[in-house]
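Heads up: numbering here begins at 1 and tracks the sequence.
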Amino acid sequence: MTTATPTVGAGVQATARPGRAARVRKRLNSRTATLVSIVLALLWTVPTFGLFISSFRPENQIKTTGWWTFFSDPQFTLENYREVLFSTGSSGQLASYFINSLAITIPSVLFPIAFASLAAYALAWINFKGRDWVYIAIFAMQIVPLQMALVPLLKFFSTGVTIAGIQVLPAWGLVDEQKFAQVWFAHTCFALPFAVYLLHNFISQLPGELMESARVDGATHPKIFRTIVLPLITPALAAIGIFQFLWVWNDLLVALIFAGGGDETAPLTVRLAELAGTRGNEWQRLTAGAFVSIVVPLIVFLSLQRFFVRGLLAGSVKG
């Protein structure tokens, strides 16, 4: 009698869970939910579609009529893109800033993902003294506002580290394109706490039997990480990569502070801010420039969408 009761209770709970999940799934697949999803998708897409249409309209049309009038009076031009991408005036040369954005974003995504995955594995599967305190410290660093770290980090780059009058670390003293390294370092530092926290939660839920079997076969931690863990955490890595890519690509503050506003290192966001100016009169250039800036994030998101969804759902159901 005493052993049967928990079994029956577990069976009831196991039966109840699929029932609730089935009801939720049925509601999400209903016609009402589908209609609401379609309406939200249209509301989200219409502004981007209007921006795309406006970027191909002549200047006089953009400044006098709305983008929806394109269908009644279609006028098409590539002059806006030619001006912002290749012209040598104050409103052009966006192509070089586009390259700068890529030079900033790609390493700023790869570095934190690489370091965070290694740190998360060590915190999850390697026993060492003070491991829990290290994890707590990393978790607590997420609450520190980014703006509070800008001045100390900038001082670290410009003057180095001095303790009791002794120069422990020298100033970086970087110029021109070398300042990319400062931006990479800053973005990596800001991204690591969240990335380590998220990957740790994912890696710690991997089956312990899998790790033990690999150790019995003589696999070392580097081999386990490379051959077992990395393939299994690909969805989580993709999710973090998308978040980090969108953050760095759209960033203005960090890049402006640590890379400067010069032509050699300034990203697209800095140039778009200059195009907007104080009044934003050159709408035809702003529409073309804005659409150029969102093309790459759209491509990255759509190409990694299936991994992104799997990464968001990873760890939501255990067992």
- Query: Taking the side chain as C-beta and beyond, is there a heavy-atom pair between Phe56 and Leu78 under 4.5 Å?
  - Reply: yes
- Message: Counting only heavy atoms from other residues, nucleotides and ligands, does the tally under 6.0 Å from OH of Tyr197 exceed 12?
- Response: no
- Kindly work out whether a path of hydrophobic side-chain contacts (I/L/V/M/F/W/Y, heavy atoms less than 4.5 Å apart) joins Phe49 to Val39. no
- Does Glu79 reach the main-chain N or O of Pro58 with its side chain, forming a donor-acceptor pair under 3.5 Å? no
- Message: Checking the side chain of Thr45 only, and the main-chain atoms of Leu42 only, is there a donor and an acceptor separated by less than 3.5 Å?
- Response: no
- Message: Just checking Trp133 against Phe128, ring centres under 6.0 Å apart?
- Response: no
- Task: Determine, step by step, whether Leu272 and Tyr97 satisfy the side-chain contact (heavy atoms from CB on, under 4.5 Å) criterion, reporting the C-alpha distance in whole Å, the side-chain angles of both residues, the deciding distance to 0.1 Å, and the verdict.
- Result: CA-CA 10 Å; Leu272 289 176; Tyr97 292 85; over 6 Å; no
- Item | Hydrophobic cluster identity match, Leu51 and Phe71, side-chain contacts under 4.5 Å | yes
- In the single-linkage hydrophobic clustering (I, L, V, M, F, W, Y; side-chain heavy atoms under 4.5 Å), do Trp67 and Val292 co-cluster? yes
- How long is the gap from CG on Leu123 to OG on Ser204, to the nearest 0.5 Å? 10.0 Å
- Consider only side-chain heavy atoms of I, L, V, M, F, W and Y, link residues closer than 4.5 Å, and tell whether Tyr135 and Leu118 are in one cluster. yes
- Message: With a 3.5 Å distance limit and no angle check, can you tell me whether Trp172 reaches the backbone of Gln178 through a side-chain donor-acceptor pair?
- Response: no
- Item | For the student: nearest non-hydrogen atoms of Ala140 and Ile143, plus distance | O-CG1, 2.9 Å
- Query: Any side-chain heavy atom of Asp251 within less than 4.5 Å of one from Val183?
  - Reply: no
- Note on the structure: dist Ser54:OG -> Trp68:CH2 (nearest 0.5 Å) comes out at 8.5 Å
- Query: Okay, side chain of Thr265, backbone of Lys179: is any donor-acceptor separation there less than 3.5 Å?
  - Reply: no
- Message: As a quick check of understanding, evaluate side-chain contact (heavy atoms from CB on, under 4.5 Å) for Ile126 and His221, giving each step before the final call.
- Response: CA-CA 8 Å; Ile126 299 179; His221 283 297; 3.7 Å; yes
- Task: Give a yes or no on whether Leu253 and Phe258 share a hydrophobic cluster (residues Ile, Leu, Val, Met, Phe, Trp, Tyr; joining criterion: side-chain heavy atoms under 4.5 Å apart).
- Result: yes
- Query: Are Ile62 and Asn80 close enough that some pair of their side-chain heavy atoms sits under 4.5 Å apart?
  - Reply: yes
- Task: With the side chain counted from C-beta on, respond yes when Trp249 and Leu102 share a heavy-atom pair under 4.5 Å apart, and no when they do not.
- Result: yes
- Rounded to the nearest 0.5 angstrom, the CG-CD1 distance for Leu268 and Ile99 is 9.5 Å
- Aromatic ring centroids of Phe190 and Phe194 under 6.0 Å? no
- Quick one: are His187 and Thr105 in side-chain contact, heavy atoms under 4.5 Å? no
- Nearest heavy atoms of Pro267 and Ser101, plus distance in Å: CB-OG, 3.3 Å
- Message: Just to verify, which of Leu174, Leu153, Ile257 counts as forming a side chain to side chain contact (heavy atoms under 4.5 Å, CB included) with Gln182?
- Response: Leu174
- Identify the heavy atoms of Ala195 and Ala116 that sit nearest to each other, and give their distance. CB-CB, 3.5 Å
- Item | Met211 atom CE: more than 12 heavy-atom contacts under 6.0 Å | yes
- Does the side chain of Ser117 come within less than 4.5 Å of Leu199's, by heavy atoms? yes
- Query: Shortest non-hydrogen contact from Ala214 to Ile228?
  - Reply: CB-CD1, 3.6 Å
- Query: Can you tell if the side chain of Asp73 reaches within under 4.5 Å of the side chain of Gln61, non-hydrogen atoms only?
  - Reply: yes
- Of the non-hydrogen atoms in Ala288 and Tyr81, which two are nearest, and what is the gap between them? O-CE2, 3.8 Å
- Query: Taking the side chain from Thr234 and the backbone from Pro231, do they hold a donor-acceptor pair closer than 3.5 Å?
  - Reply: yes
- Item | From Phe225 atom CZ to Thr220 atom OG1, the distance as rounded to the nearest 0.5 Å | 12.5 Å
- Spacing of Leu198 atom CG and Ile233 atom CD1 [to the nearest 0.5 Å]: 10.0 Å
- Item | Check: Phe76 ring centroid to Phe70 ring centroid under 6.0 Å | no
- Here the gap from Tyr121 atom OH to Ile224 atom CD1, rounded to the nearest 0.5 Å, amounts to 4.0 Å
- Message: If you apply the rule side-chain contact (heavy atoms from CB on, under 4.5 Å), what do you find for Leu246 with Phe243, and how did you get there?
- Response: CA-CA 5 Å; Leu246 296 178; Phe243 277 125; 5.6 Å; no
- Item | Side-chain touch Val295/Phe291, heavy atoms, less than 4.5 angstrom | yes
- Message: Minimum heavy-atom separation for Ser72 and Pro74, please, with both atom names.
- Response: C-CD, 3.6 Å
- Does a side chain donor of either Thr69 or Arg57 reach within less than 3.5 Å of an acceptor in the other side chain? yes
- Could you tell me whether the side chain of Arg131 and the main chain of Ala122 form a donor-acceptor pair under 3.5 Å? no
